[in-house]
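Heavy atoms only: backbone and side chains are in, while hydrogens, waters and symmetry mates are out.
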Amino acid sequence: MLIVALLCASSAIAGKILGAPEWQNGGVEYFDGTLVQTSSPGNKYAAPADGVITSWGKWSSADPKKLQQLKLKVARESPGGWQIVAESNLETLTQVYAKNTFLTRLPVKLGDVIGLYGPGEQIMAWKESGYFAYGKFGEDALSSSAEFLQPTLNYLLVVYATWEPDLDGDGYGDESQDTCLNFPGISGCAQTVPATGPTKPGQTKLKCKKGFKKVKVKGKTKCKKVKSNKGKHKGKGKGKAKGHK
């Protein structure tokens, strides 16, 4: 079992930066609405496997008077087209001409792509050959609406995100968020895990009522009724020995 676990750990995909983390010095395009990068050289805006986006960010404008407010968007392709499936909180970029990075937790599937939403005129992308995007002009396309995005011109989005694997499928990134690896459904748990297995959310320490005691059956702790000795043994010194009056 240990050998198998080591082999699985060594073959796991490492975390990856999606999108464009470096400063982009292209022509400025102001965009109002939702825009996602559906196609790019090397598919660098797409999740390489199922996992979790744990942070995202963007280089801010060099103009200190124009603070940007943006959301990270995640889109997925379906038979009907591209749809938004997840989004971060609306964040304000306060660092001028620098990376602005925000923590988040967005489970994603293989092939999901990232993008942005900005209210009003925002510096989000510019035209560039080799890139293609889908979006909604003037709208915050929400994951709850299930609406389809529309194809746009060749836009390159200035946005980046940190993707991490999630081998136990609990929705927490294995490298920076999941404190109980290989135990699905647990995060932020105690530093030690009981030998009998992980504690389930809401589970309390086992207590036995009066007349019962804790016993281990096949590695699991259970309550078992204590057998009474009453009436089976005579008290010490009671009764007469044979042959004596």
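- Using a 4.5 Å heavy-atom cutoff, the side chains of Val158 and Ile123 are not in contact.
- When all heavy atoms of Trp163 and Ala49 are compared, the pair lying nearest together is NE1-O, 3.1 Å.
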Point to revise | Derivation and outcome, side-chain contact (heavy atoms from CB on, under 4.5 Å), residues Lys71 and Leu142 | key: CA-CA 11 Å; Lys71 283 183 186 180; Leu142 302 175; 4.2 Å; yes

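- Within the structure, the salt bridge (Lys or Arg N to Asp or Glu O under 4.0 Å) test picks out the following pairs touching residues 81-96 (sequence neighbours left out): Lys73-Glu87.
- When the side chain to side chain contact (heavy atoms under 4.5 Å, CB included) test is applied to Pro41, the partners found at least two apart in sequence or on another chain are Tyr131.
- With sequence neighbours excluded, no residue forms a side chain to side chain donor-acceptor pair (under 3.5 Å) with Arg105.
- Between Ile53 and Ser88, every side-chain heavy-atom pair lies at or beyond the 4.5 Å cut-off.
- Formation of a donor-acceptor pair under 3.5 Å by the Thr101 side chain with backbone atoms of Gly57 is not found in this model.
- Remark: Trp56 pairs with Phe102 by the ring pair (Phe, Tyr, Trp, His ring centres under 6.0 Å) rule, at least two apart or across chains.
- For Lys109, the NZ atom sits in a loose shell: 12 or fewer heavy atoms of surrounding residues, nucleotides or ligands are nearer than 6.0 Å.
- The salt bridge (charged side-chain N to carboxylate O under 4.0 Å, His left out) search around Glu147 returns Lys136, not counting sequence neighbours.
- The nearest pair of heavy atoms linking Pro119 to Asp32 is C-OD1, 4.1 Å.
- By the 4.5 Å side-chain criterion applied to Ile, Leu, Val, Met, Phe, Trp and Tyr, Val52 is assigned to no cluster and stands alone.
- We find the OG-CG distance between Ser176 and Leu103 to be 8.0 Å, quoted to the nearest 0.5 Å.
- Not one N or O on the side chain of Lys58 forms a donor-acceptor pair closer than 3.5 Å with the backbone of Met124.
- Under the side chain to side chain donor-acceptor pair (under 3.5 Å) criterion, Thr152 pairs with no residue, sequence neighbours left out.
- Taking the six-membered ring where tryptophan is involved, the planes of Phe137 and Phe31 are tilted, since the angle between them lies from 30° to 60°.
- In the hydrophobic cluster analysis, where Ile, Leu, Val, Met, Phe, Trp and Tyr join through side-chain heavy atoms closer than 4.5 angstrom, Val159 is grouped together with Leu18.
- The hydrophobic cluster containing Val113 does not contain Val85, counting ILVMFWY residues as joined when their side-chain heavy atoms lie under 4.5 angstrom apart, directly or transitively.
- Looking at Asp140 and Thr34, their side chains come closer than 4.5 Å, going by heavy atoms from C-beta outward.
- A search for side chain to side chain donor-acceptor pair (under 3.5 Å) contacts involving Asp112 returns Arg76, not counting sequence neighbours.
- Side-chain N or O atoms of Glu175 include one that pairs as donor or acceptor with a backbone N or O of Gly15 at under 3.5 Å.
- The ring pair (Phe, Tyr, Trp, His ring centres under 6.0 Å) check on Phe148 picks up nothing, with sequence neighbours excluded.
- Taking both residues in full, the closest heavy atoms of Leu116 and Leu72 are given as CD2-CA, 4.4 Å, listed atom of the first, atom of the second, then distance.
- Annotation: side chain to side chain contact (heavy atoms under 4.5 Å, CB included) contacts of Ala146 (sequence neighbours excluded): Gln83.
- To the nearest 0.5 Å, atoms CD (Gln37) and OH (Tyr134) are separated by 12.5 Å.
- Nearest heavy-atom pair, Leu70 versus Leu93, reported as atom, atom and distance to 0.1 Å: CD1-CD1, 4.1 Å.
- The two residues Ala20 and Tyr45 make their nearest non-hydrogen contact at CB-OH, 3.5 Å.
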Practice item. Decide side-chain contact (heavy atoms from CB on, under 4.5 Å) for Ile84 and Val36; before the verdict, give the C-alpha distance in whole Å, the side-chain angles of both, and the deciding distance to 0.1 Å. Key: CA-CA 9 Å; Ile84 299 298; Val36 296; 3.9 Å; yes

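- A chain of hydrophobic side-chain contacts below 4.5 Å, direct or via other Ile, Leu, Val, Met, Phe, Trp or Tyr residues, connects Ile114 to Tyr155.
- Using a distance-only test at 3.5 Å, with no hydrogens or angles considered, no donor-acceptor pair links the side chain of Asp168 to the main chain of Leu181.
- The minimum heavy-atom distance between Thr104 and Ser55, with the atom names listed, is CG2-N, 3.9 Å.
- Using a distance-only test at 3.5 Å, with no hydrogens or angles considered, a donor-acceptor pair links the side chain of Asp166 to the main chain of Gly171.
- Side chain to side chain, Glu164 and Thr54 meet the donor-acceptor criterion of an N or O pair below 3.5 Å.
- With sequence neighbours excluded, the residues forming a side chain to side chain contact (heavy atoms under 4.5 Å, CB included) with Ile17 are Pro21, Tyr160, Thr162, listed by chain and number.
- A distance-only check finds no donor-acceptor pair linking the side chain of Gln122 to the backbone of Tyr117 [under 3.5 Å].
- Connection of Leu156 to Leu149 is not established within any shared hydrophobic cluster, with ILVMFWY side chains joined at heavy-atom distances below 4.5 Å, either directly or through further cluster members.
- Every side chain to side chain contact (heavy atoms under 4.5 Å, CB included) that Leu110 has, sequence neighbours left out, goes to Asp50.
- For the atom pair Asn89 CG and Gln69 CD, the distance stands at 12.0 Å (nearest 0.5 Å).
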